There are 2 protein chains.
Amino acid sequence: MSDLLERLRGRGWRMTAQRRVVAEVLDGDHVHLTADEVHARAVDKLPEISRATVYNTLGELVTLGEVLEVSTDRRAKRYDPNAHRPHQHLVCAQCGTIRDVHPTGNPLSSLPDSERFGFTIEGADVTYRGTCPSCAGA
Amino acid sequence: MSDLLERLRGRGWRMTAQRRVVAEVLDGDHVHLTADEVHARAVDKLPEISRATVYNTLGELVTLGEVLEVSTDRRAKRYDPNAHRPHQHLVCAQCGTIRDVHPTGNPLSSLPDSERFGFTIEGADVTYRGTCPSCAGA
DNA sequence: TCCTACGATAGACATTGTCTAAGTCAAGTA
DNA sequence: TACTTGACTTAGACAATGTCTATCGTAGGA
């Protein structure tokens, strides 16, 4: 992800302090943040950044395919910078922690033609639900 | 689902006109309604029913396991009365139509131990994304 | 029939996200 | 470097969805 800024510049993105900060927040291993969490961390680095700009920038990153939206629960959408390696998600029902996981096989192969109802299938999102070790121990 | 009211009464549910109406709305084949849609249809049958009551009743039905919550997109939660037959969902990316589908195999078997990170896995929700015939034709 | 606890109600409030109008500035040009 | 322009940012209003509270009503048992 370190070359994200280069890729964006290459696509004609106007580089602003705000966009740089949002990209920096998403970089690193603290993944699956909500928009509000991204905003909070961005404010630490650039106090005057507005909420709308964070939402706009996240939306643009999603459109560009650099970040994925994840909606594992009824709460806020989360943003996953791991957009370049296909994966699914494992969610703790207690604390909401999300882990990226890589299942075997192709999930599409489990859906027979008779269950496709004429749809053109483009993909499948799998959310494994469970309890994480910390919550299980508590 | 026609015996839903009986089951609920058997569980000590106090039967009120409002709860009966909500259950009736969910009954039938017009499935996957949002809370707001349930409320709109309930108002047709019982004009003075309040939004809070619909939300409360839906929440109770979910808790009782009679109805499933489905969050396939960033929009409102949808309520699926087909709670007694395990199934997954097929969603049209254009119009948002949802179909219940029954994939083969057990989705949990695709997640190897090395990808479980110590979680106790309870289940997997699969959302197949695609384009429905109507939207593809348009 | 009467009581009472459980359920319903209206509406305030909370959370998450979108939109708008006006001001600001990155980057190209000279 | 200074100028110009349109893309970007901002604050805050607004919207959609959902939750909570105080009060009133009523289902169902005594």
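Proteins come first, then strands; the chains are lettered A, B, ... in the order of their sequence lines, and each starts at number 1. Keep in mind it's a predicted model, so treat the numbers as computed, not measured.
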Phosphate contact (D:dC8 OP1 or OP2) by A:Arg19 side-chain N/O below 4.0 Å: yes
Separation of A:Arg75 CZ from A:Asp36 CG (nearest 0.5 Å): 11.0 Å
side-chain N/O A:Tyr55 vs C:dT18 OP1/OP2, d < 4.0 Å: no
Nucleotide of C:dA27, D:dT17, C:dG17 approaching A:Met15 most closely (side-chain heavy atoms): C:dA27
Pair of N/O donor and acceptor under 3.5 Å linking D:dA7 base with A:Arg14 side chain: yes
Selection from D:dT10, D:dC8, C:dG17 that lies nearest to any side-chain heavy atom of A:Lys77: C:dG17
Whether B:His89 and B:His32 hold their rings parallel, tilted or perpendicular, with breakpoints at 30° and 60°: perpendicular
Rounded distance (Å) that lies between atom P of D:dC8 and atom CZ of A:Arg11: 14 Å
N or O in side chain of B:Gln18 less than 4.0 angstrom from D:dG25 OP1/OP2: no
Sugar-phosphate, base or nothing in reach of A:Ala76, heavy atoms under 4.0 Å: sugar-phosphate
Touch class at under 4.0 angstrom, heavy-atom based, for A:Thr16 against every strand present: sugar-phosphate
Between B:Thr127 and B:Gln88: side-chain donor-acceptor atoms closer than 3.5 Å: no
Point-to-point distance, once rounded to the nearest 0.5 Å, from CG of B:Leu33 to OH of B:Tyr79: 11.0 Å
Per A:Thr53 side chain, nearest of listed nucleotides D:dT17, D:dT9, C:dT9: D:dT9
